[in-house]
Amino acid sequence: MIDKYDPKPVEERRLAAWDAAKLSRSAPSDKKAFTIVIPPPNVTGALHIGHALNNTLQDAFIRHHRMKGEETCWVPGTDHGGIATQNVMEKQLKAEKVDRHALGRDAFLERMQQWTRDCKKTILGQLHRLGASLDTDREAFTMDEARAEAVYQAFKALWERGLIYRGERLVNWCVRCGTALSDIEVEREERKGGLWHVRYKGADGSEGAVVATTRPETMFGDTAVAVNPKDARWAHLVGQKVVIPFIDRAIPVIADDYVDFEFGTGCLKVTPAHDQNDWDIGQRHGLEAIKAISPDGKLTEAAGPYAGLSREKGKDQVVADLEAQGFLVKKEDHKSAVQTCYRCGSVIEPLLSLQWFVKQTELAKAPLKAFDEGRFKIHPESWGKPYRAWLVDIKDWCVSRQIWWGHRIPVWYKDGEKPVVAKSSPGAGWTQDPDVLDTWFSSALWPLAVFGWPEKTKDLAFYYPTSVLVTGYEILYLWVARMQMMGLAFEGKVPFADAVIHGIVRDKGGKKMSKSLGNVVDPLLMMDKYGTDALRMALMAQAYPGKDIAFDEQTVVSMRNFVNKVWNSARFVLMNLAPGKTYSLDSLSHCCLELSDKWILSRYQAVLKESRARLDAYDPAGAANALYGFLWDEFCAWYIELAKGRLTGIDGEDKEAARAILVSVLAGTLKALHPLMPFVTEELSEALRPWSGETESFLLRAGYAEPAYDWSNPEAEAEMRRVMGAVTAIRSLRAQLNVPVDMTVKAVVQGELADAHRPYVSRLAKVEGMEPFTARPPQSATAVADGVTFYIPLAGVVDFAKEKERLTKELAKAETDIAKCDGKLKNLSAATGVPAEKLAEAREQRDAAVARRERLQETLAVLS
RNA sequence: GCCCAGUUGGCGCAGUGGUAGCGCGUUCCCUUGACAUGGGAAAGGUCACAGGUUCAAAUCCUGUACUGGGCACCA
């Protein structure tokens, strides 16, 4: 075995073996089901580091539960991605100078299909490379035949329940994408703009009103000017008419409570066709809605001389002309939140248009109840409140999109007939609605659709509801809430009882990754450079619920180092085994175990328990940190170092005990690490198999090691801590006094140090010939640990000034410790109801510190 | 404006009532037969601030400040 872990060949070999064994396949069985449906990535290109995080987490959970013996099923798939994917294709076409409309709908869709095929391949390949143990036989796509059937059936069912309607409403319109969007597909950002005070003269030639507006270009759609009924300044105008500049259309002045007379001039121009609040006012007062802006973002005929100008140009021109002609009273700087398209960033235009909607209030009731009754939990809990609030204050969902890529709305029209919901044409003369459904409509059905819904399949019965959903908080409403609605509406059960919400992977400085900033990290590159296990560990070790991750390549490097450490620990163990014997902890003879054995077994058991509990609680970071620390700082740093001496000795019971523990603890730790870093653990487990007694070829089939004996041993742990303390005290002394590293020193020992533990100190601190204390040897340095003191004669080596300085520092530390213990003891004895153990523990701590102080004081006295 | 989260050594983060931890980085020493992708030692924090509860607070409560986020917005 080579002394450096080389991930590439190992990963290739393991993937091939896993694939050949169809290791991740699942079928309904009598075992407990543990099911996850993948958040299907959009077919917009390659996966990014966020996907790597999302899928690593899911894979860890899946592997963990499979190793616990459950029937795990992780369903792979991709999402057609509606607008996002169509935008990608439009960019491609633009580069080829092809117009989408010239190409035609059918040819366009043909190209989309081709692109989708390629993209799926890329995505699934990347997931495979990541080690994702997906049941590839179940691959689904939100627009394949089975999913199309589910979408149709869901639409039809909602229609029949009266939950779908078509109507002309003010919707969020993306001028760039040329489609309506739902309320949650809109983002808001603060932008600096202006607030223009514009005079609308009275129809009778009087002064009229001065309105304040941020959007003067929409004034051609005004159908009233509103003032607050309590506003004395403008009361005389109510009921009068004023005239819109340039086009001289007269509009009424109305009174409405909505108007805030603190703001602007207290006069509000009302444009029902282009503003939600104005729309509401319009409804209350029976105002007409005049469209001043067209779906392509240009001013309409209503704008008279400005017709045909873009929104932006129109605004500039209108403002310039208002000023030139004396209508502009004043311009203020004004910050306002503009709404932008979540797909292309263009400014959203509220536009009156005919769209399809899904009624939400009714559908939101069941998820709300499920949440309140604890049948659905969000991790971390802090996302529960906004989730709930969103459901309570929910608005109807605009589901029609004016694009081509998606599920065509299954509604057919014919003159003089009522619209019909049908999969295909009901007959001659019928035409299908040209729009497609919001991509999130099909996503909402995902946990149902991947198991064959609406058919009552065996899969659906066994796997639904699924166990957990792992996703980012940015699609909590967009997706998670909608799945809850649909799942409850159609199957009466939550689609998953738990949602694990992870954060966004940001760059090192905490900035969001974006192509334009050039700070995007390619997961494939990281895997190439450091190995897949290292990337997975780097992501997972920082994946605390709901928290964003600041991604630093350094972390991957350090995890690569950890993987290498694991590799080398196994190399060491393997080098020290003889062929032909298998080991297990169960066969260990307890009488021949020494302190380090009892200690490592106790720690091993505790860490296994912890990592399992952490993974059960969807906390892979906790599991990763526990196992990392155990393997490196306990198993390698202390146990292996101590075992070295035993392994070079003659064959015997002690050597065999050390071998058994090395093999078993390592094998068990590899199993525990397998959900986190599957490749290296599988490779090493295979290498250990002749000795570990493991008969299964794959860790996923082998399952976790179940200790048959309770190795927990607090006494051994405490005792080992004392030995470690002694070793560290001597090492520290040596380092600070510049005792040569390879120099073995003698020592006089005062206090307790069991004979059996002397070899530990001897080996790890290079001390030999530990004589019992009779007197402090001359010219010696002193290492004081709890319960034991070492006097190390160092004539000619010790710089006594330095030694004094060192001891003084240690004395100060002892004093601090005592003071802290005193404070604690005082508190504890003053309090009532303090457990006796706590008091005893505090006393012990204090006694130890006092003893240390005494030794240090004595030594310092001798030195001076 | 309302709500939520965060504020811990240079950086990134754990830690939820009893003497502050981890990774990276820094300084010094070391190529000793698992590993220099390593080993040893060390420096570095009054846990944002102000009150409060408690015998005891980084941890619980209240308030303030800053940062990030969610929701709602006065045109």
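Bear in mind that the values here come from a model prediction, so they are computed numbers and not experimental data. Protein chains get the first letters and strands the later ones, always in sequence-line order, with residue 1 at the start of each.
- Minimum atom distance to the side chain of A:E641 is reached by B:rC35, of the listed B:rC4, B:rC35, B:rG23.
- Between A:E187 atom CD and B:rG69 atom C1' there is a gap of 13 Å when expressed in whole angstrom units.
- Atom pair A:L828:CG and B:rG17:P shows a separation of 16 Å (rounding to whole Å applied).
- Atom name P, nucleotides B:rA43 and B:rG21: the rounded distance is 13 Å, in whole Å.
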Could you go through nucleotides 37-40 of chain B and list every protein N or O atom that sits under 3.5 Å from one of its N or O atoms, giving the distance for each pair?
from, atom 1, to, atom 2, distance (Å)
B:rU37, O4', A:N561, OD1, 2.8
B:rU37, O2', A:N564, ND2, 2.8
B:rU37, O2, A:R560, NE, 3.1
B:rG38, OP1, A:N561, ND2, 3.3
B:rG38, O3', A:K565, NZ, 3.1
B:rG39, OP1, A:K565, NZ, 3.1
B:rG39, OP1, A:W632, NE1, 2.5

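- A:R603 forms no cation-pi arrangement with A:W632, by the criterion of a distance under 6.0 Å to the ring centre and an angle within 45° of the ring axis.
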Pairing string, 5' to 3', for RNA chain B - Watson-Crick or wobble contacts under 3.5 Å, brackets [ ] where pairs cross, | to another strand = ((((((((.[[[[.)..(..]]]].(((((.......))))).....[[[[[..)....]]]]])))))))....

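- Remark: the A:S732 side chain and the A:Q736 side chain contain an N/O donor-acceptor pair separated by less than 3.5 Å.
- A salt bridge is defined here as a Lys NZ or Arg NE, NH1 or NH2 lying under 4.0 Å from an Asp or Glu carboxylate O, and A:R846 with A:D822 meets this definition.
- Under 3.5 Å, the side chains of A:E185 and A:Y342 contain a donor-acceptor pair of N or O atoms.
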Report all interatomic pairs (protein N or O, nucleotide N or O of nucleotides 11-15 of chain B) with separations under 3.5 Å.
from, atom 1, to, atom 2, distance (Å)
B:rA14, OP1, A:K547, NZ, 2.8
B:rA14, OP2, A:K547, NZ, 2.8

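- Using modelled atom types and a 3.5 Å distance limit, the side chains of A:N564 and A:Y530 yield no donor-acceptor pair.
- Between the side chains of A:N172 and A:D183, at least one donor N or O lies within less than 3.5 Å of an accepting N or O.
- Residue contacts for A:V259: at a heavy-atom cut-off of 4.0 Å it reaches a base atom on one of the strands shown.
- Listed nucleotides B:rC71, B:rC55, B:rC73 differ in distance to A:Y477; the shortest reach to its side chain belongs to B:rC71.
- A distance of about 38 Å separates the P atoms of B:rC3 and B:rG45, rounded to the whole Å.
- Here the side chain of A:K820 is nearest to one of B:rU19, B:rC55, B:rG18, namely B:rU19.
- With a 4.5 Å cut-off on side-chain heavy atoms, A:W196 and A:K330 do not count as touching.
- Side-chain N/O atoms of A:H334 include one lying less than 4.0 angstrom from OP1 or OP2 on B:rA75.
- Straight-line distance between the P atoms of B:rA41 and B:rA56: roughly 37 Å, to the nearest whole Å.
- Contact check, A:K809 against B:rA43: a side-chain N or O comes under 4.0 Å of OP1 or OP2.
- Rounded to a whole angstrom, the distance from the C1' atom of B:rA57 to that of B:rG15 is 14 Å.
- Residues forming a side chain to side chain donor-acceptor pair (under 3.5 Å) with A:R191 (at least two apart in sequence, or on another chain): A:E189.
- Residues satisfying the side chain to side chain donor-acceptor pair (under 3.5 Å) criterion with A:T648, sequence neighbours excluded, are absent altogether.
- Remark: A:K385 is in phosphate contact with B:rC4, judged by side-chain N or O atoms under 4.0 Å from OP1 or OP2.
- Taking atom CZ on A:R734 and atom P on B:rC29, their separation rounds to 16 Å, with Å as the unit.
- Atom pair A:E189:CD and B:rG69:C1' shows a separation of 15 Å (rounding to whole Å applied).
- No hydrogens or angles considered: nothing links the side chains of A:T808 and A:E805 as a donor-acceptor pair under 3.5 Å.
- Judged by distance alone, the side chains of A:E11 and A:T532 do bring a donor and an acceptor atom under 3.5 Å apart.
- The base of B:rG18 is not paired with the side chain of A:K824 by any donor and acceptor separated by under 3.5 Å.
- With sequence neighbours excluded, the residues forming a side chain to side chain contact (heavy atoms under 4.5 Å, CB included) with A:D3 are A:N568, A:R571, listed by chain and number.
- Taking the six-membered ring for Trp and thresholds of 30 and 60 degrees, A:W567 and A:Y5 have ring planes inclined between 30 and 60 degrees apart.
- Judged by distance alone with a 3.5 Å cut-off, no donor-acceptor contact links the side chain of A:K826 to the base of B:rA56.
- Closest to the A:T214 side chain, of the nucleotides B:rC35, B:rG70, B:rA75, is B:rA75.
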